[in-house]
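First up is the structure itself, then whatever we jot down about it.
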Amino acid sequence: MDIRELDIQELDRRSLALLGDVVAQVKDDQLRLPTPCPDWTLHGLIRHLISQNEGFAAAARGAGEALSDWRGGDLGADARAAFAASAALVNDAFAQDGVLDRGFALPEVRNGGAFPAPLAISFHVVDCVVHAWDVAATIGVPWEPDEELTAAALRVAEQVPDQGRGPGAAFERRVPPLADAPPHHRLLGLLGRVPSWTGRPC
C-alpha cells in the first residue's frame with residue numbers, strides 16, 4: 001500500500017471520528033487513571049491529543065514551527081468538549097483547498113524542514129488510531145478500527161525507525177507481536193503497545 005494512493009484526508013476524518021467516539025465515553029472520574037502511555041494519566045493523554053490537533057491545524061495553515069504551537073492543549077471544565085473542539089479545528093484545517101500541496105512543519109518530529117502534507121497527515125492518522133486504543137484500554141471500552149484504516153496506519157507505523165525510541169521519545173520501543181497476531185495488534189506492537197495491557201505502563 002502506497003500512502004500517496006490513499007484518500008488521506010478521508011482516512012484522517014475517520015481516524016479522528018474513531019478517537020472522538022472513544023474520548024466521548026470518558027467520565028470525569030476516569031481522568032486520573034493510568035494509561036498505556038508511560039507517565040501519562042488519562043488527563044495528560046487527552047491534553048496531548050488536544051495539543052496535537054491544534055499543532056497539526058497550525059501546520060496545515062502554514063504555521064506550527066514553534067513547539068509552543070504543539071503544547072497548548074487545555075481540557076478546561078469538559079475534557080470531551082475540549083477534544084471535540086480541537087478535532088473540528090484540525091478537520092477544518094485539513095479540508096482547506098490546496099492543503100495537500102503544502103509543507104507541514106512538525107518540530108516534534110524534526111527540527112527544521114517541512115514534511116509533504118500527505119505524509120504529515122498520515123502521521124496524524126496513526127496518532128489517532130493508536131491513541132484511540134490507549135484511551136479505550138484505559139476505560140475498558142471497545143476499539144474497532146476498520147480494515148482500511150488499520151492497514152493504512154500499519155503501513156505508516158512500519159516506517160518508524162527503531163533509532164531514538166524509548167522513554168521520553170515520540171515512540172516506545174517495539175513490542176514483538178505473536179506470529180499469528182491480527183493486523184491491529186501488530187500495529188499496537190510496532191508502536192510499543194502491549195495489546196493485553198490492563199493498567200500497567202507498557
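- With sequence neighbours left out, the side chain to side chain contact (heavy atoms under 4.5 Å, CB included) criterion links Asp146 to Arg14, Glu148, Leu149.
- Note that CD1 of Ile121 is 10.0 Å distant from CZ of Arg102, once rounded to the nearest 0.5 Å.
- Side-chain atoms of Trp133 and Pro145, non-hydrogen and from C-beta on, never get closer than 4.5 Å to each other.
- Residue pairs meeting the salt bridge (charged side-chain N to carboxylate O under 4.0 Å, His left out) criterion with at least one member in residues 17-34, sequence neighbours excluded, are Asp28-Arg80.
- Residue pairs meeting the side-chain hydrogen bond (donor to acceptor under 3.5 Å, both in side chains) criterion with at least one partner in residues 55-75, sequence neighbours excluded, are Arg71-Glu108.
- Note that CG of Leu16 and SG of Cys128 are 4.0 Å apart. Values are rounded to the nearest 0.5 Å.
- Evaluation of the salt bridge (Lys or Arg N to Asp or Glu O under 4.0 Å) rule for Asp134 yields Arg193 as partners, not counting sequence neighbours.
- The two residues Thr138 and Pro34 have their closest heavy-atom pair at CG2-O, 3.4 Å.
- Within a 6.0 Å sphere centred on CD of Glu147, other residues, nucleotides and ligands contribute 12 heavy atoms or fewer.
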Practice task
Please report the C-alpha distance between Thr35 and Val135 in whole Å, then the side-chain angles of each, then the deciding distance to 0.1 Å, and finally whether the side-chain contact (heavy atoms from CB on, under 4.5 Å) criterion is met.
Solution key: CA-CA 7 Å; Thr35 72; Val135 178; over 6 Å; no
In residues 85-100, what donor-acceptor pairs under 3.5 Å come from side-chain atoms, sequence neighbours left out?
residue : atom : partner : partner atom : Å
Ser86   : OG   : Asn53   : ND2          : 2.9
Ser86   : OG   : Phe83   : O            : 2.8
Gln96   : NE2  : Ala93   : O            : 2.9

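- Hydrophobic cluster membership differs between Leu33 and Leu45, with clusters built from Ile, Leu, Val, Met, Phe, Trp and Tyr side chains linked at under 4.5 angstrom.
- Partners of Val141 by side chain to side chain contact (heavy atoms under 4.5 Å, CB included), not counting sequence neighbours, listed by chain and number: Val22, Gln25, Ala136, Ile139.
- Atom CD1 in Ile46 sits 11.5 Å away from atom NE2 in His131 (nearest 0.5 Å).
- The two residues Gly73 and Arg47 have their closest heavy-atom pair at O-NE, 3.0 Å.
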Practice task
Starting from the C-alpha separation in whole Å, work towards a yes-or-no answer on side-chain contact (heavy atoms from CB on, under 4.5 Å) for Trp143 and Val129.
Solution key: CA-CA 9 Å; Trp143 172 73; Val129 173; 3.9 Å; yes
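- The minimum heavy-atom distance linking Asp127 with His48 is given by the pair OD2-NE2, 4.2 Å.
- Closest approach of Ala152 to Leu11, counting heavy atoms only: CB-CD1, 3.8 Å.
- With rounding to the nearest 0.5 Å, the separation of CD in Glu158 from CG in Leu187 is 9.0 Å.
- Taking the six-membered ring for Trp and the full ring otherwise, Phe115 and Phe123 have centroids separated by under 6.0 Å.
- Residues Ile8 and Val109 are members of one and the same hydrophobic cluster, defined by side-chain heavy-atom contacts under 4.5 angstrom among Ile, Leu, Val, Met, Phe, Trp and Tyr.
- Counting heavy atoms from C-beta on, the side chains of His184 and Pro195 never come closer than 4.5 Å.
- Rounding to the nearest 0.5 Å places OG of Ser51 at 11.5 Å from CG of Leu67.
- Looking only at side-chain heavy atoms (C-beta outward), Leu31 and Thr41 stay at 4.5 Å or farther from each other.
- When all heavy atoms of Asp12 and His124 are compared, the pair lying nearest together is OD1-ND1, 2.6 Å.
- Side chain of Arg110 to main chain of Ala114: a donor-acceptor pair is present (N/O by atom type, distance under 3.5 Å, no hydrogens or angles).
- Nearest heavy-atom pair, Leu49 versus Val23, reported as atom, atom and distance to 0.1 Å: CD1-CG2, 4.4 Å.
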